[in-house]
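Below is one structure, written out as structure tokens; the observations come after it.
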Amino acid sequence: MAESSGYKEYVAGLVAGVATVITGHPFDTVKVKLQKHNTEAHGVKYRSGWHCTTRILKTEGIRGLYRGATPSFVGVAFESSLLFGVYSQTKQSLQGGVQSSCPQPQVIIPSAAFGGALISFVLCPSELVKCRMQVQGADSLVPKSSRYSGPLDCALKTVKTEGVTGIFRGGFTTLLRESSGNAVFFSVYEYVRYYMHSQLKAASSENSHLIDAGIGILSGGLGGVAFWSAVLPLDVAKTIIQTSPDKSSSRNPFQILSLIYRRAGLKGCYTGLGPTIVRAFPANAAAIVAWELAMKLLGIKHESKIPERLDPGSDDIGYKSFT
């Protein structure tokens, strides 16, 4: 990264968040329904992510796949703005303004974990509302008289029945998921981006924009897959915690995962893996491409410095920057 650009880094992050929701929300709805229904002792069981998707389309139409999208747009746009902005600026601070020739895990991991921990406070209430809206479909065991008419109704009723702390149910699990998951995401993203640029450094400058987009798609997509592969069990526990109708039910993610493991084995702890991984690649690829494009349009340099010899017959080494 070049020097801090203040608010521009947060604007670029907001653009990334909008791209994420547009691309990934339908997959997220399927994931949440699988996590809710397929881990319960009773109720509807979906055979697969595809079965769940076709069931939603048959009973609720395309609108059913975007159930809960409003709080997701608000929450994800804001948290993405905060995450990318905090990550960028914390990274610059830890580097002390000195550009490294390759990714530094001692800089990337704490910057990403810190950003992830901060956004968990924004994500928790928005995801609670989103999840409760998503599990209300035609197959829900929730009585129609107890269902929410919309996101605002859900938030207000939650606060009324559970208090202000109720809207933050699952906060600890969200913090664990986001801090550890984003450390994995940005590590994979930075390393894949660096090594792909090093392999393509001789490519024609005429194709630089196309190459940048391709690298953004691959590095963002693989980062997203790595994120969810690492933290999906925590996400399963979070869904159970946030959608449980029993206010006194456990909020300890490890207790919940232990119960799921005893009932359904390791497979139960990874409920929703299919639609999650299918969603992770395009949603995170869209986020990274949107983020990098927004930074470029806003005049923020995102550099990957690749060692390259200045002369084939020389031992001198220079650096090539990709922006």
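All of these numbers come straight from a predicted model, not from anything done at the bench.
For the pair Thr173 and Leu234, the tightest heavy-atom approach, listed with the atom from each and the gap, is CG2-O, 3.3 Å. Ile109 and Ser187 get closest at one heavy-atom pair: CG1-OG, 3.6 Å. Residues Ile108 and Pro103 share a closest heavy-atom pair of CD1-CB, 3.6 Å. In terms of heavy atoms, Cys154 sits closest to Met133 at CB-SD, 4.2 Å. Leu34 approaches Ser48 most closely through the heavy-atom pair CD2-O, 4.1 Å. Scanning all heavy atoms of the two residues, the minimum distance from Pro110 to Leu94 falls at CG-CD1, 3.9 Å.
Using a distance-only test at 3.5 Å, with no hydrogens or angles considered, a donor-acceptor pair links the side chain of Gln242 to the main chain of Cys124. A donor-acceptor pair under 3.5 Å is absent between the side-chain atoms of His197 and the main chain of Arg193, judged by distance alone. A distance-only check finds a donor-acceptor pair linking the side chain of Thr29 to the backbone of Leu65 [under 3.5 Å]. Proximity of a side-chain donor or acceptor of Tyr66 to a complementary backbone N or O of Ile22 within less than 3.5 Å is detected. Side chain of Ser126 to backbone of Leu123: a donor-acceptor contact under 3.5 angstrom is found. Distance alone, capped at 3.5 Å, places no donor-acceptor pair between the Ser258 side chain and the Phe254 backbone. Under a 3.5 Å cut-off, the side chain of Thr90 and the backbone N or O of Ser111 do not form any donor-acceptor pair. At distances below 3.5 Å, at least one donor-acceptor pair connects side-chain atoms of Lys33 with backbone N or O atoms of Gln134. Under the 3.5 Å distance criterion, the side-chain polar atoms of Ser93 are left unmatched by any main-chain donor or acceptor of Gln89. Ser229 contributes a side-chain N or O that, together with a main-chain N or O of Val225, makes up a donor-acceptor pair within less than 3.5 Å.
One distance of note links CD of Gln95 with CD of Gln104; it measures 5.5 Å at 0.5 Å rounding. In this structure, the separation between OG1 on Thr165 and NZ on Lys247 is 10.0 Å, given to the nearest 0.5 Å. For the atom pair Tyr194 OH and Ser219 OG, the distance stands at 15.0 Å (nearest 0.5 Å). Note that SG of Cys269 is 6.0 Å distant from CD1 of Ile260, once rounded to the nearest 0.5 Å. Note that NZ of Lys58 is 8.5 Å distant from OG1 of Thr54, once rounded to the nearest 0.5 Å.
If you check the side chains of Asp246 and Ser248, you find a donor sitting under 3.5 Å from an acceptor. For the residue pair Thr174/Ser120, the side-chain donor-acceptor check at 3.5 Å is not satisfied.
Looking only at side-chain heavy atoms (C-beta outward), Leu257 and Tyr261 stay at 4.5 Å or farther from each other. Looking at heavy atoms from C-beta onward, Ser81 lies out of side-chain contact with Val11 at the 4.5 angstrom threshold. Between Thr158 and Tyr148, the closest side-chain pair of non-hydrogen atoms falls below 4.5 Å. For the pair Asp153/Lys157, a side-chain contact is recorded, criterion being any heavy-atom separation below 4.5 Å from C-beta on. Contact of the Val86 side chain with the Phe114 side chain is registered, since non-hydrogen atoms from C-beta on lie closer than 4.5 Å. Annotation: side chain of Leu83 is not in contact with side chain of Leu118 (no heavy-atom distance under 4.5 Å). The shortest distance between side-chain heavy atoms of Leu175 and Phe121 falls below 4.5 Å. You'll find the side chain of His25 reaches within 4.5 Å of the side chain of Lys130, heavy atoms only.
More than 12 non-hydrogen atoms from other residues, nucleotides or ligands lie less than 6.0 angstrom from OH of Tyr191. More than 12 heavy atoms of other shown residues, nucleotides or ligands fall within 6.0 angstrom of atom CZ in Phe281.
By the criterion of side-chain heavy atoms lying less than 4.5 angstrom apart, applied directly or through intervening Ile, Leu, Val, Met, Phe, Trp or Tyr residues, Leu156 is not grouped with Val159; the two fall into different hydrophobic clusters. Under the 4.5 Å side-chain heavy-atom criterion for grouping Ile, Leu, Val, Met, Phe, Trp and Tyr, Tyr87 is not connected to Val15 through any hydrophobic cluster. In terms of hydrophobic clustering, with Ile, Leu, Val, Met, Phe, Trp and Tyr side chains grouped at heavy-atom distances under 4.5 Å, Val289 and Val192 are assigned to a common cluster. Hydrophobic clustering of Ile, Leu, Val, Met, Phe, Trp and Tyr side chains at less than 4.5 Å, counting indirect connections, unites Ile288 with Leu218. Taking hydrophobic clusters as Ile, Leu, Val, Met, Phe, Trp and Tyr residues chained together by side-chain heavy-atom distances below 4.5 Å, Leu293 does not share a cluster with Met295.
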Worksheet item: Does the pair Asn182 and Phe227 meet the rule for a side chain to side chain contact (heavy atoms under 4.5 Å, CB included), with working shown?
Response: CA-CA 7 Å; Asn182 277 294; Phe227 177 107; 3.9 Å; yes

Discussion item. Is there a side chain to side chain contact (heavy atoms under 4.5 Å, CB included) between Ile241 and Ser249? Walk through the geometry before answering.
Written reply: CA-CA 8 Å; Ile241 291 168; Ser249 61; over 6 Å; no

Worksheet item: Going through the checks in order, is the side chain to side chain contact (heavy atoms under 4.5 Å, CB included) test met by Arg47 and Arg55?
Response: CA-CA 11 Å; Arg47 294 190 298 274; Arg55 176 75 181 166; over 6 Å; no

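With sequence neighbours excluded, the residues satisfying salt bridge (charged side-chain N to carboxylate O under 4.0 Å, His left out) with Lys31 are Asp28, Asp235. By the side chain to side chain contact (heavy atoms under 4.5 Å, CB included) test, Ala16 is found to be paired with Ser80, Phe84, Ala287, Trp291, residues two or more places apart in sequence or in another chain being considered. Applying the side chain to side chain donor-acceptor pair (under 3.5 Å) criterion to Ser250, with sequence neighbours excluded, gives Gln255. Checked against salt bridge (charged side-chain N to carboxylate O under 4.0 Å, His left out), Glu127 has the following partners two or more places apart in sequence or in another chain: Arg177, Lys238. Remark: Arg251 pairs with no residue by the salt bridge (charged side-chain N to carboxylate O under 4.0 Å, His left out) rule, at least two apart or across chains.
Using the six-membered ring where Trp is involved, Tyr189 and Phe185 have ring planes that are parallel, under 30° apart on the 30 and 60° scheme.
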For residues 271-279, tabulate all N or O donor-acceptor pairs below 3.5 Å that involve a side-chain atom, not counting sequence neighbours.
| from | atom 1 | to | atom 2 | distance (Å) |
| --- | --- | --- | --- | --- |
| Thr271 | OG1 | Gly268 | O | 2.6 |
| Thr276 | OG1 | Gly272 | O | 2.5 |
| Arg279 | NE | Gly24 | O | 3.0 |

